[in-house]
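Before any comments, here is the structure.
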Amino acid sequence: MKLYHGTNHDIDTINLTAGKRFKDFGQGFYLTPNKATAERMARKKAKMFGGEPLILEYEFNAEQAEEIKLKMMKFPEKANAEWIRFIDRNRDRHSGATPHQYDIVTGPIADDGVVVQLTNYKNEILTPEEAASRLQDKYLDQQYYFGTPKALELLKKTHVWKIN
């Protein structure tokens, strides 16, 4: 399966600690199966941090991940209560605990439109079920999180594109 990473610089060796700590699925390396999503991310990063917008293409062997028994969590493409709770735990800057022990996590990206519902859940205005329900008609881009060196071994960079 092909996965894409939008960035502002080429990456020779993936450093799991280089990314932000309080992201949707935790600190790790994020990719998407959607090239257009990676392109938007690349443009955003280049605009914010300089450099040039690039898309890195990787080949991921999902069957091998199952064969070597990596710990994986796969959320549905639509928001659900479990996903809301999971993202909330990973984004919690006040907790000192490691949110999870998964090697790979897949599921929707919590974009700006989702953050409103996450905030409503965090402030106890909505239950996680109500927050997820409000997101059912919204298209959510998908993401793949790789959080361990063992998981990264299943990624092979195959191509780099500069975006004009």
Practice prompt. Please collect all side chain to side chain donor-acceptor pair (under 3.5 Å) contacts where either partner lies in residues 54-78, sequence neighbours excluded, each pair once.
Written response: Glu57-Thr158
Worksheet entry | side chain to side chain donor-acceptor pair (under 3.5 Å) contacts in which one or both residues fall within residues 29-46, not counting sequence neighbours |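 Residue pairs passing side chain to side chain donor-acceptor pair (under 3.5 Å), neighbours aside: Thr37-Arg40, Thr37-Asp141, Glu39-Arg43, Arg40-Asp141.
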May I ask you to list the residues sharing a hydrophobic cluster with [X], side-chain cutoff 4.5 Å, ordered by chain and number?
X      : answer
Phe22  : none
Ile109 : none
Phe49  : Met48

Item to complete: Begin with the C-alpha distance, continue with both residues' side-chain angles, and end with the deciding distance and a verdict on side-chain contact (heavy atoms from CB on, under 4.5 Å) for Lys138 and Asp111.
Response: CA-CA 11 Å; Lys138 179 175 174 37; Asp111 63 12; 3.2 Å; yes
Taking all heavy atoms of [X] and all of [Y], pick out the closest pair and write down the distance.
X      : Y      : value
Ala79  : Leu140 : N-CD1, 3.9 Å
Ile104 : Ala65  : CD1-CB, 4.2 Å
Pro108 : Phe75  : CD-CB, 4.2 Å
Ala42  : Leu54  : CB-O, 3.2 Å
Ala110 : Ile87  : CB-CD1, 3.8 Å
Ala131 : Gln117 : CB-O, 3.8 Å

Quick one: ring-ring contact (aromatic ring centres under 6.0 Å, His included) partners of [X], sequence neighbours excluded?
X      : answer
Tyr4   : none
His9   : none
Tyr121 : none

Worksheet item: Can you tell me how far the OG1 atom of Thr7 sits from the CE atom of Met41, to the nearest 0.5 Å?
Response: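 Interatomic distance, Thr7 OG1 to Met41 CE, rounded to 0.5 Å: 9.0 Å.
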Worksheet item: How far does CZ of Arg21 sit from CZ of Arg91, to the nearest 0.5 angstrom?
Response: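 Atom-to-atom, Arg21:CZ and Arg91:CZ are 15.0 Å apart.
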Worksheet entry | From CA spacing to verdict: side-chain contact (heavy atoms from CB on, under 4.5 Å), Ile84, Leu135 | CA-CA 11 Å; Ile84 294 279; Leu135 296 168; 4.2 Å; yes
For [X] and [Y], indicate whether the former's side chain and the latter's backbone hold a donor-acceptor pair under 3.5 Å.
X      : Y      : answer
Thr119 : Val115 : yes
His100 : Phe25  : yes
Asn123 : Ile125 : no

Practice prompt. Could you give me the CA-CA distance, side-chain angles and deciding distance for Leu70 and Leu154, then say whether side-chain contact (heavy atoms from CB on, under 4.5 Å) is met?
Written response: CA-CA 10 Å; Leu70 288 183; Leu154 303 181; 3.5 Å; yes
Side chains of [X] and [Y]: does their closest heavy-atom pair fall under 4.5 Å?
X      : Y      : answer
Pro53  : Asn8   : no
Phe29  : Ile11  : yes
Leu3   : Met1   : yes
Gln142 : Thr106 : no

For [X], what residues pass the side-chain hydrogen bond (donor to acceptor under 3.5 Å, both in side chains) criterion, not counting sequence neighbours?
X      : answer
Thr13  : none
Thr148 : Asp103
Gln27  : none

Worksheet item: Going by the salt bridge (Lys or Arg N to Asp or Glu O under 4.0 Å) test, which pairs reach into residues 155-164, not counting sequence neighbours?
Response: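 Listed once each, the pairs are Asp10-Lys157, Glu52-Lys162.
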Discussion item. Could you check, using the six-membered ring where one of them is a Trp, whether Phe60 and Phe146 have ring centers closer than 6.0 angstrom?
Written reply: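 That pair passes the under 6.0 Å test.
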Same cluster or not: [X] versus [Y], using hydrophobic residues (I, L, V, M, F, W, Y) connected whenever any side-chain heavy atoms lie under 4.5 Å apart?
X      : Y      : answer
Leu152 : Tyr144 : yes
Leu56  : Ile14  : yes
Tyr145 : Trp83  : yes

Worksheet item: Could you walk me through whether Leu155 and Leu31 pass the side-chain contact (heavy atoms from CB on, under 4.5 Å) check?
Response: CA-CA 10 Å; Leu155 288 176; Leu31 301 106; 3.9 Å; yes
Worksheet item: Would you call the rings of Phe86 and Tyr102 parallel, tilted or perpendicular if under 30° counts as parallel and over 60° as perpendicular?
Response: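 Rings of Phe86 and Tyr102: tilted, 30 to 60°.
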Worksheet item: Taking everything shown except Gln136 itself, do over 12 heavy atoms lie less than 6.0 Å from its CD?
Response: yes
